[in-house]
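So the structure is just underneath, and the comments pick up after that.
Counting begins at 1 with the first residue of the sequence.
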Amino acid sequence: MAVDSLGTARSSFDLKSAQLPVMAVAVRDTQVNVIAQDLAQRLANDPDFFDNDPVLIDLQHVQDSTDAIDFPRLIKLLKKHRTVPVAVCNGSAEQMAAAHAAGLMPAPDAHPMRTKEVVREVEVIREVPVEVIREVPAPAANAMIIDKPLRSGQQIYAKGCDLVVMAVVSYGAEVIADGNVHVYAPLRGRAVAGARGNANARIFSTCMEPQLLSIAGNYRALETDLPKDIAGKPAQARLDGEKLIIEPLRLA
């Protein structure tokens with residue numbers, strides 16, 4: 001027990017609740033070798049897609065399977081791709097017990113919005129924060145404003161409002177907002193709008209060059225060059241139903 005300058009005893013630490021962004025991997029096959037093959041193919045052109053992201057393994061698509069899942073091998077595979085598996089959800093009693101024995105903690109079962117980008121037998125989901133994402137009213141008309149550039153590995157989350165960034169969002173950086181995301185500079189990293197389910201949210205940039213875009217759980221990873229009328233130019237991203245559309249931003 002530490003003592004301050006007044007002689008009062010104080011603890012060397014505090015315990016507080018916290019929320020963290022998490023990457024969820026929804027597996028569609030119980031065979032780890034199949035998942036390994038699909039992950040390798042999916043990440044072949046984007047090896048830096050993950051950046052030591054915490055991972056939730058979602059078993060909702062295989063919870064009725066009688067085939068055993070080799071969780072230690074699955075954890076090792078995900079770590080190989082620069083993720084940190086921490087929890088599991090939506091599995092059968094046997095699957096959850098096996099996952100717990102492998103060191104994964106059980107998470108409350110949930111059915112979050114899923115990306116429409118499916119890689120054969122593996123579907124990648126990002127939830128922000130770690131709780132059930134559901135439709136909520138649009139945030140109030142206020143915003144978090146960031147004036148400094150965001151470097152690779154940095155993340156900003158505007159909870160309950162818009163996010164306005166006045167400087168470059170570098171490759172590997174991530175900007176997240178419950179409302180809209182505005183970047184008045186090059187957007188080269190990941191941008192997530194409507195993080196808690198607001199499908200009306202949009203992403204705006206005066207220089208659209210993103211690594212990944214997401215609105216209300218619908219993702220689009222930019223693995224190919226954007227059209228010439230969008231790449232490096234003012235543009236916006238919005239949802240049309242469940243399809244994420246990127247289009248030129250007409251400023252005139």
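If you chain together hydrophobic residues whose side chains sit under 4.5 Å apart, L77 and F71 fall into the same group. Linking ILVMFWY residues whenever their side-chain heavy atoms come closer than 4.5 Å, directly or via other members, places I246 and V169 in the same cluster.
Contact between S170 and S152 at its shortest, heavy atoms only, is CB-N, 4.2 Å. Nearest heavy atoms, S205 versus P186: OG-C, 4.4 Å. When every heavy atom of A99 is checked against every heavy atom of V88, the shortest pair comes out as CB-CG1, 3.5 Å. The shortest non-hydrogen separation linking I75 to A102 is CD1-O, 3.6 Å. Considering all non-hydrogen atoms of both residues, C161 and M144 come closest at SG-N, 3.8 Å.
The side-chain contact (heavy atoms from CB on, under 4.5 Å) search around K80 returns none, not counting sequence neighbours. Residues passing the side-chain contact (heavy atoms from CB on, under 4.5 Å) test with A193, sequence neighbours excluded: V181, A201, I203, I215. Residues forming a salt bridge (Lys or Arg N to Asp or Glu O under 4.0 Å) with E247 (at least two apart in sequence, or on another chain): R238. For R73, the side-chain contact (heavy atoms from CB on, under 4.5 Å) test picks out V32, N33, D70, with sequence neighbours left out.
With contacts defined as side-chain heavy-atom distances shorter than 4.5 Å, the pair H100/P106 qualifies. Residues L187 and L213 meet the side-chain proximity criterion, which asks for heavy atoms closer than 4.5 Å. Here the side chains of L78 and L39 are in contact, with some heavy-atom distance below 4.5 Å. In this structure, the side chains of L239 and I245 stay at 4.5 Å or more apart for every pair of heavy atoms. Two residues are said to be in side-chain contact when any heavy atoms from C-beta on lie closer than 4.5 Å; V55 and V86 fail this criterion.
Taking CG from D229 and CE from M208, the interatomic distance works out to 11.5 Å, rounded to the nearest 0.5 Å. S214 OG to R220 CZ: the interatomic distance, rounded to the nearest 0.5 Å, is 13.0 Å. Here the CD-SG distance, from Q95 to C89, works out to 11.0 Å after rounding to the nearest 0.5 Å. To the nearest 0.5 Å, the span separating CG on L59 from CG on N90 amounts to 7.5 Å. To the nearest 0.5 Å, the span separating CD1 on I176 from CZ on R196 amounts to 12.5 Å.
The list of salt bridge (charged side-chain N to carboxylate O under 4.0 Å, His left out) pairs with a residue in residues 197-209, not counting sequence neighbours, reads R188-E209.
Checked by atom type, the side-chain pair Q31/D29 shows no donor-acceptor distance below 3.5 Å.
Other residues sharing a hydrophobic cluster with Y184 under the 4.5 Å side-chain heavy-atom criterion for ILVMFWY residues are I145, V164, M166.
Within 6.0 Å of atom NE2 in H81, more than 12 heavy atoms from other residues, nucleotides or ligands are found, so the atom counts as buried in its surroundings.
A donor-acceptor contact shorter than 3.5 Å is absent between the side chain of K159 and the backbone of A177.
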